[in-house]
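Structure first, then comments.
All heavy atoms count here, side chains included; hydrogens, waters and symmetry mates do not. Numbers here simply count residues along the sequence, with the first being 1. We count ligands from 1, going down the list as the structure has it; atoms in each ligand are counted the same way.
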Amino acid sequence: MSNNHFSRRTFLQSSLAALALPHTVLANEHKTNQPEYFETNTLAPATKPIILTTWEPNVPANKAAAAVLERGGRALDAIEKGVRVTEADPKDTSVGYGGLPDRDGKVTLDASIMDEFGNCGSVAALEHIMHPISVARRVMEKTQHVMLAGDGALAFALKEGFKRENLLTPYAKSEWKNWLKEESKKKKLEPPHIGKSNHDTIGMLALDTHGNLSGACSTSGWAFKLHGRVGDSPIIGAGLYVDNEVGAATSSGLGELVIKVVGSFLVTEFMRNGKTPQQACELAVERIARKQPDYKELQVGFLALGKNGDIGAFSLTKGFSYALYRNGEHTTHEAASFVA
Ligand code: ASP
């Protein structure tokens with residue numbers, strides 16, 4: 001069998017033989033009788049523009065981005081505009097203003113952005129700035145660097161005219177206080193996604209009417225993390241990657257797992273090697289599962305958008321959703337998962 005027709009059954013059988021993976025790994029194999037054993041994309045053929053974004057509650061972000069694209073705007077402008085909607089929403093406790101703080105009570109934000117030319121910018125552990133995605137874009141466009149972190153990122157943002165603000169909402173503060181009370185009873189920090197399913201990191205991919213791709217990712221990261229912890233979202237190749245020749249990918253979930261496999265680059269590279277966006281997401285999730293013994297307790301989700309408009313979505317465990325703008329319609333979907 002040629003590499004391009006590498007089947008999931010073959011992949012899983014050889015993995016199982018080599019690694020003696022538990023039986024649950026095969027759960028998805030029974031969902032379809034397709035020869036490739038991958039989830040089938042049953043959506044109508046796509047017309048540009050297309051926007052694919054992590055988590056169902058991000059439809060308003062997609063609407064703001066779609067308005068830019070429907071006017072013939074650039075994917076880069078659309079994704080920045082879209083992500084800013086979620087960053088400014090105090091009800092979203094995983095992104096921007098209203099994000100849950102670290103264990104010291106500080107809201108520290110991570111964000112990255114990448115355009116059709118392969119230009120990219122990011123900020124990590126940025127405090128006091130409501131729109132880290134716009135600071136990331138400024139890093140990309142106004143400096144010779146890709147990534148600024150911590151106090152340096154804040155100093156750069158202030159110099160660029162961004163306003164210093166208190167991002168800790170009363171709700172997020174009370175959640176932190178409650179967590180502090182419970183903390184002494186806990187043995188270890190609870191990873192993101194366990195017990196919550198409605199919204200998280202925003203990762204947005206867009207294909208504009210000119211056929212160009214861009215992507216953006218923004219988060220407040222793992223709630224109550226150690227101060228200084230940086231996740232996958234601002235790391236180019238981990239939380240986000242755009243290759244305008246083949247496609248783009250983004251992730252949400254436990255960033256440490258994504259960083260270890262350079263997840264979004266991995267997904268994009270699978271597409272470069274001939275996999276569909278769906279196959280690429282599934283192979284990246286399987287790569288994580290093979291390396292992580294407790295994968296059934298954890299969550300990572302990938303989204304992929306191909307240059308031809310095909311999409312992919314897949315997660316480690318159930319509950320990963322996405323918002324899609326395609327053929328002029330806004331819809332939401334739950335992704336298929338590795339552990340059924
Ligand atoms: N991926 C993000 C991080 O690890 C968190 C998330 O998506 O929930 O920082």
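Residue-to-ligand polar distances keep Thr219 apart from ligand 1: every N/O pair is separated by 3.5 Å or more. Between Glu256 and ligand 1, a contact under 3.5 Å exists for no N or O pair. Taking only nitrogen or oxygen atoms, main chain and side chain alike, Asp232 reaches within less than 3.5 Å of ligand 1. Taking distance alone, with nitrogen or oxygen atoms compared against 3.5 Å, Gly255 approaches ligand 1 more closely than that limit.
A donor-acceptor contact under 3.5 angstrom links the side chains of Gln292 and Asp294, judged on distance only. When only modelled atom types and interatomic distance are considered, Ser112 and Ser122 share no side-chain donor-acceptor pair under 3.5 Å. Under 3.5 Å, the side chains of Thr108 and Glu127 contain no donor-acceptor pair of N or O atoms.
In Arg229, the part holding a heavy atom less than 4.0 Å from any atom of ligand 1 is the side chain.
Remark: ligand 1 atoms within the under-4.0 Å shell around heavy atoms of Asp200 are 6 (C), 8 (O). Every atom of ligand 1 with a heavy atom of Thr201 under 4.0 Å away is listed here by number and element: 1 (N), 2 (C), 5 (C), 6 (C), 7 (O), 8 (O).
Asp77 places no side-chain N or O within 3.5 Å of a backbone atom of Gly73 that could act as its donor or acceptor partner.
Remark: distances from the non-hydrogen atoms of Gly253 to ligand 1 include one below 4.0 Å.
A side chain to side chain donor-acceptor pair (under 3.5 Å) check over residues 59-73, counting only residues at least two apart or in different chains, returns the pairs Thr53-Asn62, Glu70-Tyr325.
The residues Lys91 and Asp89 are annotated as salt-bridged, a charged nitrogen and a carboxylate oxygen being separated by less than 4.0 angstrom.
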